[in-house]
Amino acid sequence: METQKNVFIKSAELGVPFGCMLIVASVSMLFGDRVPLLSVLALIVAVIAPFVLYYYQRKRYVQSNGFATFSELWTLGIFTTIGGALICGLVTYVLIVYLRPDYVYEQAQFVVDNYKQLPGGRADEFVDIMKKAIKNNLLPTPFDYCVQMFWLTSSLGCVGGAITALIASKIPLKQDNNQQ
């Protein structure tokens, strides 16, 4: 049996394609207001992401002949997600700064324009808060937006990685029928 790479090295390697997948979701969200079909693509990527983590974890489990522990698989999921989120955050930051510098303002203005049409209740309060944030220049900067996106993605990867690691480590390996 060949030796496996350290879980951190493997996570870094897997973080690159995972980050590319997250970039697709991020670009789809950034431009979904201009090309509505892109919003669907972002949703599809969000649904696929846990299955990709599961695939990485299960592959590691099978390659270790079932000796990879839950914590090793979870670590793989966490650091793969963090690596991907870092890559995605950097690309998203560049895109927001250079291609969509008014993105956060446009989204806040969209909320103000569309939420005020909702019937009473808390929508009026929320619209007032958004108006004040716009007026007083309190909207998040592109850096703030990307940091928040990084932490959200990392947190979801941590929780989702635990669930997928549990599933990946509990499904028994197929037995080779030729061995007797």
Side-chain angles (χ1 to χ4, degrees), residues 5-60 70-112 114-115 126 129-130 132-134 136-168:
K5 291 182 182 178
N6 176 304
V7 70
F8 300 106
I9 293 171
K10 189 64 179 173
S11 296
E13 290 174 356
L14 294 174
V16 173
F18 197 74
C20 291
M21 184 181 69
L22 294 176
I23 289 169
V24 169
S26 180
V27 169
S28 298
M29 286 187 295
L30 284 174
F31 294 98
D33 59 339
R34 294 184 179 173
V35 182
L37 211 53
L38 287 177
S39 297
V40 175
L41 180 60
L43 181 61
I44 291 169
V45 172
V47 169
I48 289 174
F51 293 100
V52 172
L53 271 184
Y54 167 79
Y55 171 77
Y56 292 157
Q57 292 166 328
R58 183 64 184 179
K59 188 173 180 183
R60 178 123 180 141
F70 166 78
S71 60
E72 179 182 344
L73 299 176
W74 190 16
T75 301
L76 181 76
I78 291 170
F79 285 100
T80 298
T81 304
I82 288 174
L86 283 171
I87 293 167
C88 179
L90 178 63
V91 171
T92 301
Y93 179 77
V94 170
L95 288 173
I96 290 177
V97 168
Y98 293 106
L99 295 180
R100 296 284 313 260
D102 294 330
Y103 175 75
V104 176
Y105 170 79
E106 291 169 2
Q107 296 305 308
Q109 193 60 51
F110 176 82
V111 167
V112 168
N114 291 290
Y115 273 54
F126 185 66
I129 291 169
M130 290 302 290
K132 288 177 185 175
I134 292 169
N136 297 321
N137 200 23
L138 297 174
L139 295 174
T141 65
F143 183 76
D144 295 335
Y145 178 86
C146 293
V147 168
Q148 291 170 10
M149 182 185 69
F150 167 79
W151 283 114
L152 175 64
T153 304
S154 298
S155 299
L156 291 172
C158 183
V159 173
I163 295 167
T164 56
L166 183 65
I167 296 168

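When reading the values below, keep in mind they use all heavy atoms of this one structure, side chains included, and skip hydrogens, waters and symmetry mates.
Taking CZ of Phe31 as the reference point, atom CG of Leu41 lies at 13.5 Å (rounded to 0.5 Å). Once rounded to the nearest 0.5 Å, the distance linking CH2 of Trp151 with OG of Ser154 reads 6.0 Å. Note that CD1 of Ile44 and OG of Ser39 are 11.0 Å apart. Values are rounded to the nearest 0.5 Å. The OG1 atom of Thr141 sits 7.5 Å away from atom OH of Tyr93, with the distance rounded to the nearest 0.5 Å. A distance of 11.5 Å separates CG of Asp102 from CD of Gln109, quoted to the nearest 0.5 Å. Rounded to the nearest 0.5 Å, atoms OG1 (Thr81) and CG (Leu53) are 4.0 Å apart.
The two atoms that bring Met29 and Ala42 nearest to each other are CG-CB, 3.7 Å, heavy atoms only. Summarising the geometry of Met149 relative to Gly89, their closest heavy-atom pair is CE-CA, 3.7 Å, with the distance given to 0.1 Å. The heavy-atom pair separating Thr80 from Ser11 by the smallest distance is OG1-CA, 3.6 Å.
By the neighbour-count criterion of 12 heavy atoms within 6.0 Å, atom CG of Asn6 is densely surrounded, having more than that number from other residues, nucleotides or ligands.
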Test side-chain contact (heavy atoms from CB on, under 4.5 Å) applied to Gln107 and Val111, step by step: CA-CA 6 Å; Gln107 296 305 308; Val111 167; 5.8 Å; no

Please assess Phe150 against Ile82 for the test side-chain contact (heavy atoms from CB on, under 4.5 Å), listing each intermediate value before the final yes or no. CA-CA 8 Å; Phe150 167 79; Ile82 288 174; 4.1 Å; yes

Check step by step if side-chain contact (heavy atoms from CB on, under 4.5 Å) holds for Tyr103 and Leu95. CA-CA 10 Å; Tyr103 175 75; Leu95 288 173; over 6 Å; no

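When side chains are defined from C-beta on, Ile23 does not count as touching Thr92, because their heavy atoms never get closer than 4.5 Å. Looking at heavy atoms from C-beta onward, Asp33 lies in side-chain contact with Arg100 at the 4.5 angstrom threshold. At least one side-chain heavy atom of Tyr98 sits under 4.5 Å from a side-chain heavy atom of Val94. The shortest distance between side-chain heavy atoms of Ile87 and Leu22 does not fall below 4.5 Å.
Listed for the Trp74 side chain is no donor-acceptor partner under 3.5 Å among the backbone atoms of Leu166. A side-chain donor-acceptor contact under 3.5 Å links Thr164 to the backbone of Gly161. Of the possible polar contacts, none joining the Arg60 side chain to the Leu76 backbone as a donor-acceptor pair under 3.5 Å is found.
By the 30° and 60° cut-offs, the orientation of the rings of Phe79 relative to Phe8 is perpendicular.
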